[in-house]
There are 2 protein chains.
Amino acid sequence: MTIYKPKGDSASAMSIAAVELDCGLSKDTLRVWERRYGFPAPVRDDHDERLYPADQVGKLRLLRRLIDAGHRPGKIVTRSLEELTALARPVAGRPAAMESAEVRDVLDLLRAHRTERLREALAGQVLQHGLGAFAMEVAPDLAKAVGAAWSRGDLEIHEEHLFTEQLTAVLRSAINGVLNGRLSSDPPRVLLTTFPQEPHALGILMAEAVFVLQGCPTVSLGARVPIPEIASAARAHGAQIVALSFSACMTSAQAHGGLAELRRTMDPAVQIWAGGSCPGLRARDGVSVLRTLVDIAPGVLAWRQGAHGAAPA
Amino acid sequence: MTIYKPKGDSASAMSIAAVELDCGLSKDTLRVWERRYGFPAPVRDDHDERLYPADQVGKLRLLRRLIDAGHRPGKIVTRSLEELTALARPVAGRPAAMESAEVRDVLDLLRAHRTERLREALAGQVLQHGLGAFAMEVAPDLAKAVGAAWSRGDLEIHEEHLFTEQLTAVLRSAINGVLNGRLSSDPPRVLLTTFPQEPHALGILMAEAVFVLQGCPTVSLGARVPIPEIASAARAHGAQIVALSFSACMTSAQAHGGLAELRRTMDPAVQIWAGGSCPGLRARDGVSVLRTLVDIAPGVLAWRQGAHGAAPA
DNA sequence: AGGCGTATTTGTCCAGGACAAACAGGCTTT
DNA sequence: AAAGCCTGTTTGTCCTGGACAAATACGCCT
């Protein structure tokens with residue numbers, strides 16, 4: 001777990017481990033691309049270890065974005081930087097057309113780095129729509145628009161981080177407000193978390209807002225929790241529902257493998273609800289898939305009406 | 001980035017990629033341990049790929065903990081599970097003795113999974129001590145105690161996650177309260193974040209509380225931000241200080257390499273303040289190291305008195 | 001005790017071969 | 001036209017076994 005040669009001093013060239021972390025391409029992938037396509041073509045240090053110049057790392061970052069957006073590596077790895085940036089752009093037109101004024105406002109504030117105004121705008125939207133509608137409809141739209149803008153190069157990574165932070169702060173504030181004001185809560189008790197491969201915590205935060213509004217006691221473990229720990233936590237808290245969020249950065253194999261293992265190791269009476277934008281997320285026996293956050297409320301209602309074994313949707 | 005064989009169905013055995021994520025030991029390390037020490041000894045599937053049984057994964061998790069605590073792999077890898085658990089225990093006595101009553105209360109609530117009471121206890125401590133003292137003294141003590149309890153096996157991983165979540169919620173609430181109530185803010189503008197290898201966001205959240213109380217405008221990007229993005233964000237937001245947090249899970253090589261690169265690529269007028277419990281974190285030219293959060297206030301004062309180039313501490 | 005040189009430990013890197021899952025494209029069927 | 005099936009290609013991950021540098025431990029001298 002130690003990186004021996006960060007070589008930050010040696011003018012802007014990175015070790016293979018540093019590139020793996022920076023671009024999210026595994027060492028194996030970096031080596032096999034070099035072997036197959038001739039790119040990247042890192043220089044070597046005294047001890048024949050790869051050193052990636054900054055411009056190649058930049059191109060690798062762009063390639064990663066394009067591949068996440070659906071391009072195939074073999075078709076684009078060898079192309080020039082100009083062709084690639086051109087490739088990243090044209091998608092811009094379509095989704096922008098159907099963006100609401102609210103979404104456009106938020107994107108503009110993000111690009112202008114008006115942090116305080118962004119906070120106020122988000123907080124204002126919560127007040128205007130109510131926490132429920134905000135969490136179920138506005139926030140997911142915003143997240144999707146920000147993700148799309150990022151993947152077409154319209155938004156910097158740090159701007160996306162800033163958005164996540166601000167939305168998290170606003171949502172948490174609102175949830176706390178509801179919690180502090182309420183007198184009691186009724187089952188089902190809900191445990192919220194994500195699998196170790198899933199770093200995004202926004203999904204479970206939005207879901208938590210909806211569950212809290214339904215009067216459910218919630219326990220959030222945050223993101224990246226090992227599966228045995230999820231099972232153990234569900235037992236410890238006496239949860240009746242375990243809610244999991246899956247974003248596009250998880251593969252369907254990871255999701256289904258994890259869900260199967262969790263189902264196997266947990267009391268069958270505990271329901272598993274899965275949601276999110278992970279492609280190929282399908283319901284299996286003992287696992288319910290909720291297409292959107294709007295499906296949570298009827299699900300809770302069904303649970304309370306005694307159909308504890310039955311899955312929603 | 002795809003995991004092909006989670007094999008969650010095949011009774012609780014994990015692929016090498018899953019074990020890497022779960023235990024934090026790289027594939028290379030797992031293979032070299034097997035070659036050198038004969039442990040782990042995974043079975044093989046049809047295609048000769050390693051499959052780690054659940055009990056071996058459990059032992060690997062324990063080994064990782066012991067190594068983080070200072071043991072050497074070669075001395076402990078081949079020992080039995082009983083010897084290892086015995087090895088993990090004896091550290092328990094000392095730190096427990098100097099725990100304050102408040103810390104003990106929080107640990108007890110955590111172990112009892114009294115989520116709501118934990119929230120209330122933390123929120124109560126904020127009111128009692130004030131946000132400043134809570135963020136600078138109480139919260140770091142709590143975090144340290146929880147980390148120690150976890151590393152001696154006294155606390156489950158999911159209990160540590162729960163603690164982090166609750167403390168995050170309480171701190172964020174309090175920060176929001178201060179922000180909503182204040183009329184203006186004065187430079188320096190502070191950008192808070194962590195390097196890509198550092199997943200813990202509690203450090204920057206505690207620091208944000210202190211900076212906000214000093215009247216500084218703050219921008220938090222959350223954890224795990226690539227270094228070029230940090231530089232770019234600092235420029236975009238016109239930050240005068242970039243504050244970074246380093247926990248024990250970063251190596252000093254990672255920290256210093258990253259700090260050197262950040263310093264190289266950023267306007268020299270922007271100060272870099274680094275803090276946290278990462279061993280071997282040292283001040284270099286252009287980088288200040290703050291031993292504790294208490295050092296922030298005098299640092300801000302010094303900055304405002306015009307010593308913009310001078311480093312605190 | 002404390003500083004220093006040597007020996008051992010340990011994690012990461014390398015090459016190049018192999019294979020299964022994911023994908024694209026052409027075909028047939030409803 | 002949409003949905004299903006087959007086939008060839010693309011692509012990421014895993015394998016083995018060798019090598020070496022950084023980190024650590026140990027013995028020696030002051």
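Numbers restart at 1 for each chain; the letters A, B, ... are given by sequence-line order, proteins then strands.
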* Is the backbone N or O of B:Lys75 less than 3.5 Å from a side-chain atom of B:Arg79, with the two atoms forming a donor-acceptor pair by type? -> yes
* **Carboxylate-amine/guanidinium contact B:Glu34 B:Arg44, below 4.0 Å** => yes
Roughly how many Å is it from [atom1] in [X] to [atom2] in [N], rounded to a whole number?
X       : N      : atom1 : atom2 : value
B:His71 : D:dA23 : NE2   : P     : 21 Å
A:Leu25 : D:dG12 : CG    : P     : 8 Å
A:Asp48 : D:dG18 : CG    : P     : 18 Å
B:Leu30 : D:dT16 : CG    : P     : 13 Å

[X] side chain, from C-beta outward: closest of [options]:
X       : options                : result
A:Asp28 : D:dC14, C:dG11, C:dC14 : D:dC14
B:Arg44 : D:dT16, D:dC14, C:dC13 : D:dT16
A:Arg72 : C:dG11, C:dC13, C:dA24 : C:dA24
B:Pro73 : C:dG11, C:dA20, D:dC14 : C:dG11

Does [X] make a side-chain N or O approach to OP1 or OP2 of [N] shorter than 4.0 Å?
X       : N      : answer
A:Arg36 : C:dG17 : no
B:Arg35 : C:dT10 : no
B:Tyr37 : C:dT10 : yes

* Check whether any side-chain heavy atom of A:His161 sits under 4.5 Å from a side-chain heavy atom of B:Glu229, and report yes or no. => no
* To do: Using only heavy-atom distances, decide whether a donor-acceptor pair under 3.5 angstrom links the side-chain of B:Arg31 to the base of C:dG11.
  => no
* To do: May I ask you to say what B:Arg50 touches in the nucleic acid, namely base, sugar-phosphate or nothing, with a heavy-atom cut-off under 4.0 Å?
  => sugar-phosphate
